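Data block below; observations after.
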Amino acid sequence: MTSILWALLLISSCQAAEKLAAYNVDPAETTVSGLSSGAFFATQLHVAFSASIKGAGIVAGGPYDCAAQMSYASCMYSGTPSVTKSISNTKAWSGNKIDDIKNLAKHKVYMISGTSDTTVSASVMNQLYKYYVTESQFIPSANVVYKKDLKSAHTFPTDFDGTGNNPCTSTSSPYVSNCGFDGAGAILEHMYGSLKPRNNGALTGKFIEFDQQEFIANARSAGMSTTAWVYVPKSCANGDVCRLHIAYHGCLQGYEKIGDKYVKNTGYNRWADTNNLIILYPQAVATTSRSATLRAPFPNSNGCWDWIGWYGTDFNVKSGKQSTAMKKMIDRVVSGFNPIEAPSQLQVNSVTDNSATLSWKQVTGASGYNIYRNGGKVNSQVITSTTYTDTNLNSGSTYTFTVKAVSSQGSESAASNSVIVKTTGEAPAIETPSGLSITGTTSNSVSLQWTASATAEQYNVYRDGNKVATVSVSSYTDTGLSAGTQYKYQVSSVKGAQESDKSTEVTFTTQIQKVCFSASNYNHVTAGRARQSGGYVFANGSNQSMGLYNIFVITNLCQTQENYYVIE
């Protein structure tokens with residue numbers, strides 16, 4: 001009788017579910033997050049669809065592609081799974097099985113590891129950090145926050161009490177806890193920047209149960225429920241430009257396991273309500289069958305997201321069953337995007353020796369405007385009127401201006417028509433750029449910056465005496481370099497047909513591509529990769545202890561730069 005009632009409940013739920021609607025959501029403003037299996041899955045989606053997803057929040061998750069390389073258990077508990085193969089696969093699949101990994105360089109990631117989490121400990125998340133940052137350099141370290149001092153177990157951290165939630169130091173259902181830390185807020189603010197205060201009272205938006213099986217054939221056999229949930233703030237339902245965040249629950253956290261506790265108690269909706277954020281809550285379900293090639297010795301009985309390969313060997317790339325379904329959901333939500341119009345009728349009203357006054361036609365729905373001179377933004381704060389006077393010009397100089405409208409969420413329109421301004425008076429001499437410095441290096445690139453010249457319209461960048469680029473801003477990243485090679489750089493100012501003297505020269509050597517050697521400690525010393533002292537061996541550069549000096553201890557040693565080795 002119970003099974004019949006449950007079946008009827010599922011049928012009525014499917015009948016009640018709506019079709020997932022399209023909203024005025026900026027396609028460039030989609031992010032993901034997750035806990036546990038949802039965290040592993042969020043990383044998969046983030047890497048596979050990096051052209052569509054701009055950031056990820058990972059709570060108790062591990063490296064991309066981990067379970068495809070080894071037993072799932074090695075990617076959990078207190079494991080330290082190697083990321084070498086995951087990184088090489090990511091590079092090999094880039095632009096094919098997954099989106100171009102160059103997209104990741106602009107992304108932001110927030111990682112949370114609880115000090116009492118024994119299900120996915122900090123040792124696993126340390127490897128995820130290596131995957132994203134130190135070993136691969138896919139994402140700059142400045143773009144990744146790794147919080148690992150939270151005294152929590154395997155749970156999603158909040159700073160408020162939710163009905164039925166478990167204690168912060170307990171790994172128990174529903175795996176959502178008041179830990180005195182707003183995990184949802186920290187994740188969202190890192191990826192989206194400063195947000196308006198959250199709504200701690202009654203929400204003004206609407207929870208909608210939608211038909212999830214529309215996006216995947218035989219949904220339940222592929223580990224996905226027939227329905228899922230989405231929270232839509234009132235502003236987004238009314239057509240304002242919004243953003244999309246997708247929150248993936250962990251194992252044993254789907255709606256069929258814990259009801260709406262993950263959907264309503266994690267805190268995402270409070271931030272969504274005041275910041276034009278739609279929160280999508282996809283739903284996974286348990287299945288009893290398993291693939292013959294499955295690495296895990298059990299079926300997906302806990303309703304986890306597929307980070308192991310239950311539903312196909314392509315689970316970790318764009319063609320995976322669950323991955324494909326998620327991309328279809330994203331595409332549906334953002335298909336209603338109606339970008340703000342570009343300003344029109346930009347014109348020059350007046351010009352002096354050092355100023356120009358501009359005006360343009362007002363754009364409906366714009367909260368303000370940004371002014372661009374020679375490709376660089378002029379204003380530090382959004383301009384709320386439709387006129388602007390730029391007083392930071394040089395006499396006898398030519399400038400090109402455009403204007404972009406700004407939406408209520410800070411997204412910009414396309415540029416207006418351009419206008420050319422030539423100030424009155426005599427042109428000054430061209431100033432040589434100063435302060436040329438190196439801000440970052442990899443094995444095949446270097447990032448440069450310098451002090452902007454007041455008289456420059458553009459800059460020429462020289463590598464080893466040869467011009468390699470002309471740019472309109474005072475920074476440049478040169479790519480395609482050879483590893484372990486020395487290069488010299490200079491820059492000059494350009495104004496019209498005139499060019500200044502070249503700047504002071506800077507010299508640097510690209511990093512050496514990581515090369516790993518698995519050998520006995522005796523052979524490492526013999527090859528010059530390590531040294532021995534008092535019967536023990538230490539890696540050159542990092543000085544990490546490798547153990548006893550003999551032919552029996554085998555160490556995997558990787559060279560990351562000249563005469564610098566680390567233990568893998």
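Computed from a predicted model, the values in this text were never measured in an experiment.
- Looking only at distances, a side-chain donor or acceptor of N199 sits under 3.5 Å from a matching main-chain atom of A202.
- A search for side chain to side chain contact (heavy atoms under 4.5 Å, CB included) contacts involving N96 returns nothing, not counting sequence neighbours.
- Proximity of the aromatic rings of H245 and Y268 is defined here by a centroid distance below 6.0 angstrom, and this criterion is met.
- Using a 4.5 Å heavy-atom threshold, the side chains of Y110 and I58 count as separate.
- Salt-bridge formation is detected for the pair D159/R198: a Lys NZ or Arg NE/NH1/NH2 atom is positioned less than 4.0 Å from an Asp or Glu carboxylate oxygen.
- With no hydrogens or angles considered, a side-chain donor-acceptor pair links T357 and T389 at under 3.5 Å.
- Under 3.5 Å, the side chains of T455 and N394 contain no donor-acceptor pair of N or O atoms.
- Checked against side chain to side chain contact (heavy atoms under 4.5 Å, CB included), K495 has the following partners two or more places apart in sequence or in another chain: S397, A427, P428, I430, E457.
- Using a 4.5 Å heavy-atom threshold, the side chains of D99 and K318 count as touching.
- A salt bridge is defined here as a Lys NZ or Arg NE, NH1 or NH2 lying under 4.0 Å from an Asp or Glu carboxylate O, and R463 with D478 meets this definition.
- In summary, the side chains of S235 and N276 do present a donor paired with an acceptor at a separation below 3.5 Å, with no hydrogens or angles considered.
- Side-chain contact between V363 and Y369 is present, with heavy atoms from C-beta onward closer than 4.5 Å.
- A salt bridge is defined here as a Lys NZ or Arg NE, NH1 or NH2 lying under 4.0 Å from an Asp or Glu carboxylate O, and D182 with R270 fails to meet this definition.
- Atom CD1 in I112 sits 4.5 Å away from atom CZ in F181 (nearest 0.5 Å).
- Here the side chains of V230 and L20 are in contact, with some heavy-atom distance below 4.5 Å.
- Y231 places a side-chain N or O within donor-acceptor distance of the main-chain N or O of G205, the cut-off being under 3.5 Å.
- Rounding to the nearest 0.5 Å gives a distance of 10.0 Å between CZ of F41 and NE2 of H249.
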Give the table of side-chain donor-acceptor pairs shorter than 3.5 Å for residues 501-509, with sequence neighbours excluded, one pair per line with atom names and distance.
{"residue": "S503", "atom": "OG", "partner": "V491", "partner atom": "N", "Å": "3.0"}
{"residue": "S503", "atom": "OG", "partner": "V491", "partner atom": "O", "Å": "3.4"}

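- Looking at N374, its side chain does come within 3.5 Å of a backbone N or O of T400 through a donor-acceptor pair.
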Side chain to side chain contact (heavy atoms under 4.5 Å, CB included) between E29 and F337, worked out: CA-CA 11 Å; E29 295 294 323; F337 182 47; over 6 Å; no

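- In this structure, N200 places its CG atom where more than 12 heavy-atom neighbours from other residues, nucleotides or ligands lie under 6.0 Å away.
- Across all their heavy atoms, A60 and L35 have their closest contact at CB-CD1, 4.2 Å.
- How far CG of L45 is from CD1 of I330: 6.0 Å, rounded to the nearest 0.5 Å.
- Aromatic rings of W307 and F40 (six-membered ring for Trp) have centroids within the 6.0 Å cut-off, being under it.
- Other residues, nucleotides and ligands contribute only 12 or fewer heavy atoms inside 6.0 Å of the CD atom of E426.
- Under 3.5 Å, the side chains of Y388 and N370 contain no donor-acceptor pair of N or O atoms.
- A ring pair (Phe, Tyr, Trp, His ring centres under 6.0 Å) with F138 is found for one member of Y131, Y129, Y132, Y64 and no other, namely Y131.
- Between N316 and W93 the shortest side-chain heavy-atom distance falls below 4.5 Å.
- Summarising the geometry, atom CG belonging to N269 is positioned 6.0 Å from atom OG1 belonging to T266; distances are rounded to the nearest 0.5 Å.
- With 3.5 Å as the limit, one finds no donor-acceptor pair spanning the side chains of E209 and Y281.
- From L188, atom CG reaches atom CZ of R243 across 9.0 Å, with rounding to the nearest 0.5 Å.
- Between the side chain of D273 and the backbone N or O of P233 there is no donor-acceptor pair closer than 3.5 Å.
- Contacts classified as side chain to side chain donor-acceptor pair (under 3.5 Å) and involving residues 413-425 (residues at least two apart or in different chains) are given here: D353-T424.
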Identify every side-chain donor-acceptor pair in residues 338-347 under 3.5 Å, counting partners at least two apart or on other chains, and give the distances.
{"residue": "Q347", "atom": "NE2", "partner": "S359", "partner atom": "OG", "Å": "3.4"}

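- With salt bridges taken as basic N to acidic carboxylate O contacts below 4.0 Å, none links K328 and E214.
- No side-chain donor from either of T227 and Q212 sits under 3.5 Å from a side-chain acceptor of the other.
- A salt bridge links R373 to D390: one of the charged nitrogens lies within less than 4.0 Å of a carboxylate oxygen.
- Remark: the T470 side chain and the N460 side chain contain an N/O donor-acceptor pair separated by less than 3.5 Å.
- Of the possible donor and acceptor atoms, none in the side chain of Q322 sits under 3.5 Å from a partner among the backbone N and O of F315.
- With hydrogens and angles ignored, the 3.5 Å screen pairs no side-chain donor or acceptor of N143 with any backbone N or O of I139.
- Taking 4.5 Å as the limit, every side-chain heavy atom of K108 sits out of range of all side-chain heavy atoms of K54.
- Residues W450 and Y459 bring their aromatic ring centres within 6.0 Å.
- Side-chain contact between L448 and V461: present, with at least one pair of heavy atoms (C-beta onward) separated by less than 4.5 Å.
- In this structure, K327 and S52 approach most closely via the heavy-atom pair CE-OG, 3.3 Å.
- Cation-pi geometry between R332 and F215 is not satisfied (NZ or CZ under 6.0 Å from the ring centre, within 45° of the ring normal).
- Taking the six-membered ring for Trp and the full ring otherwise, the centers of W305 and Y248 sit less than 6.0 Å from each other.
- A 6.0 Å sphere centred on NZ of K147 holds more than 12 heavy atoms belonging to other residues, nucleotides or ligands.
- If you take CG on L277 and CG on L244, they are separated by 8.5 Å, rounding to the nearest 0.5 Å.
- By the side chain to side chain contact (heavy atoms under 4.5 Å, CB included) test, K264 is found to be paired with F207, D260, residues two or more places apart in sequence or in another chain being considered.
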